[in-house]
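See structure below.
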Amino acid sequence: MSNPIISELEKRHTVKHYDASKRISQEDLAVIYEAIRLSPSSINSQPWKFIVIESDEAKQRFHDTFANKFQFNQKHAKAASHTILFAHKVEYKREDYSKVIDADIEAGRTKAENKEQAFGAFAFVDMNTDDKGINAPWTKAQTYIALGNTMTTLARMGIDSTPMEGVDHELISELFPELEGYQCDVALAMGYNDATEDYNAALPKSRLALENILTVL
């Protein structure tokens, strides 16, 4: 298929080894961050927080979160140009959604006098909240939408990435107090691969045939 989007996605692969000497430019980072901000979510809830690992100090902290498990991902902590922690709100509440509605009002999407009416959409949150006020499975699902959006953006920009569910959310919460109230179950390493060490780059892409996964009715 001849299409630039398909070509970029065909080239994309999960990097196994980064070139630590190569950094993502600030100009490209600005585009990536805005793409994250523009990610969709159910009822526009945006129940997420993103922590960018950029400094040597932050990279060391992230490196230390692999002390107990998932050591196979530890090398990316310092070698990748940047890593983003994708975290979801464990208890998404009415006051969280109120901030979204306030932003809608400021943008002119919702009239101020209709604020209370706008809370009708919060019923989707209630449907996904247990009797202890936990709705993490629902907020986590929203965060994965942002993850996919970011990975596609990176592919289009020619920037390599490695999605990592192999992270220790307990140690991350301990070493990154900035995430209070949020839980990180997935991180995304970003940068440029080391062509001599990244064996996955040379392997052919393998996916199930379209007819095995797609049905047109």
Distance-only criterion, 3.5 Å: show the donor-acceptor pairs between side-chain atoms of residues 164-172 and protein atoms not counting sequence neighbours.
from, atom 1, to, atom 2, distance (Å)
Glu165, OE2, Tyr144, OH, 2.4
Asp168, OD1, Glu170, N, 3.1
Asp168, OD1, Leu171, N, 3.2

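Interatomic distance, Asn114 CG to Asp104 CG, rounded to the nearest 0.5 Å: 11.5 Å. Once rounded to the nearest 0.5 Å, the distance linking CG of Asp194 with OH of Tyr199 reads 13.5 Å. Atoms OH and CG, from Tyr97 and Asn44 in turn, are 7.0 Å apart once rounded to the nearest 0.5 Å. To the nearest 0.5 angstrom, Ile145 atom CD1 is 12.5 Å from Phe86 atom CZ. A distance of 8.5 Å separates CD1 of Ile105 from CD of Glu113, quoted to the nearest 0.5 Å. Remark: Thr143 OG1 to Gln183 CD distance equals 10.5 Å, nearest 0.5 Å.
In this structure, the side chain of Lys49 does not engage the main chain of Glu180 through any donor-acceptor pair within 3.5 Å. Side-chain N or O atoms of Thr129 include none that pairs as donor or acceptor with a backbone N or O of Gly133 at under 3.5 Å. One N or O on the side chain of Asp198 and one on the backbone of Lys16 form a donor-acceptor pair closer than 3.5 Å. Of the possible donor and acceptor atoms, one in the side chain of Asn135 sits under 3.5 Å from a partner among the backbone N and O of Tyr92. When atom types are taken as modelled, the side chain of Thr65 and the backbone of Arg61 share no donor-acceptor pair closer than 3.5 angstrom. Remark: side-chain polar atoms of Gln74 are not paired, donor with acceptor, to backbone N or O of Phe70 under 3.5 angstrom. A donor-acceptor distance shorter than 3.5 angstrom exists from the side chain of Asn128 to the backbone of Phe124, with no hydrogens or angles considered.
Checked against the 6.0 Å centroid threshold, Tyr18 and Tyr192 do not count as a close aromatic pair.
In this structure, Glu54 and Ser81 have side chains that are not in contact, with every pair of non-hydrogen atoms separated by 4.5 Å or more. Using a 4.5 Å cut-off on side-chain heavy atoms (C-beta onward), Trp48 and Ser39 make contact. At a threshold of 4.5 Å between non-hydrogen side-chain atoms, the residues Asn149 and Ile36 do not count as touching. Inter-residue side-chain proximity for Ile159 and Asp28 is flagged as met; some heavy-atom pair is nearer than 4.5 Å. For the pair Pro47/Tyr182, no side-chain contact is recorded, criterion being any heavy-atom separation below 4.5 Å from C-beta on. Annotation: side chain of Phe50 is not in contact with side chain of Leu85 (no heavy-atom distance under 4.5 Å). Contact check for Asp96 versus Glu91: no side-chain heavy atoms found under the 4.5 Å cut-off. Within the 4.5 Å cutoff, the side chain of Lys75 has heavy atoms near those of the His17 side chain.
Counted within 6.0 Å of NZ on Lys59, heavy atoms from surrounding residues, nucleotides or ligands total more than 12; the atom is thus considered enclosed. The number of heavy-atom neighbours closer than 6.0 Å to NZ of Lys11, taken from other residues, nucleotides and ligands shown, is 12 or below. Within a 6.0 Å sphere centred on CD of Glu95, other residues, nucleotides and ligands contribute more than 12 heavy atoms. Atom CD of Gln117 has 12 or fewer heavy atoms from other residues, nucleotides or ligands within 6.0 Å.
For the 3.5 Å distance criterion, the side chains of His13 and Asp160 fail to qualify, holding no donor opposite an acceptor. Inspection of the Gln60 and Asp56 side chains reveals no N or O donor paired with an N or O acceptor under 3.5 Å.
Across Thr83, Ile84, Thr162, Ile53, a single residue satisfies side chain to side chain contact (heavy atoms under 4.5 Å, CB included) together with Met190, and that is Ile84.
Val90 and Leu147 fall into different hydrophobic clusters, where Ile, Leu, Val, Met, Phe, Trp and Tyr side chains are chained together by heavy-atom contacts under 4.5 Å. Phe119 and Ile43 end up in the same hydrophobic cluster when Ile, Leu, Val, Met, Phe, Trp and Tyr side chains are linked at under 4.5 Å. Both Phe122 and Met127 belong to a single network of hydrophobic side chains, linked directly or stepwise wherever heavy atoms of I, L, V, M, F, W or Y lie under 4.5 Å apart.
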Check your understanding: What do the steps show when you test His88 against Asp185 for side-chain contact (heavy atoms from CB on, under 4.5 Å), and what is the final call?
Key -> CA-CA 8 Å; His88 56 280; Asp185 287 326; 3.2 Å; yes
Review point. Should Lys115 and Asp102 be marked as a salt bridge (charged side-chain N to carboxylate O under 4.0 Å, His left out) after you check the CA-CA gap, both sets of side-chain angles, and the distance that decides it?
Key: CA-CA 8 Å; Lys115 180 172 181 176; Asp102 287 342; 2.7 Å; yes
Exercise for review: Evaluate side-chain contact (heavy atoms from CB on, under 4.5 Å) for Ser161 paired with Leu188, printing each intermediate quantity in order.
Suggested key: CA-CA 7 Å; Ser161 66; Leu188 183 66; 3.8 Å; yes
Point to revise | Steps toward side-chain hydrogen bond (donor to acceptor under 3.5 Å, both in side chains) verdict (Lys99, Gln46) | key: CA-CA 10 Å; Lys99 296 175 183 178; Gln46 305 166 70; over 6 Å; no
Exercise for review: Check step by step if side-chain contact (heavy atoms from CB on, under 4.5 Å) holds for Val52 and Tyr33.
Suggested key: CA-CA 10 Å; Val52 179; Tyr33 299 159; 3.3 Å; yes
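Pairing each heavy atom of Ile24 with each of Gly191, the nearest pair is CD1-N, 3.9 Å. Ala155 and Glu8 make their closest contact through O-CB, 3.8 Å (heavy atoms, listed as atom of the first residue, atom of the second, distance). Between Pro163 and Thr14, the shortest heavy-atom distance links the atoms CD-OG1, 3.9 Å. In plain terms, the two heavy atoms of Asn68 and Gln71 that are nearest each other are C-NE2, 3.4 Å. The minimum heavy-atom distance linking Lys89 with Thr139 is given by the pair O-OG1, 2.6 Å. Of all non-hydrogen atoms in Ser21 and Asp19, the two that sit nearest each other are OG-OD1, 2.6 Å.
Taking 4.0 Å as the cut-off between side-chain N and carboxylate O, Glu34 and Arg37 count as a salt-bridged pair. Using a cut-off of 4.0 Å between Lys/Arg side-chain N and Asp/Glu carboxylate O, Glu116 and Arg94 are scored as salt-bridged.
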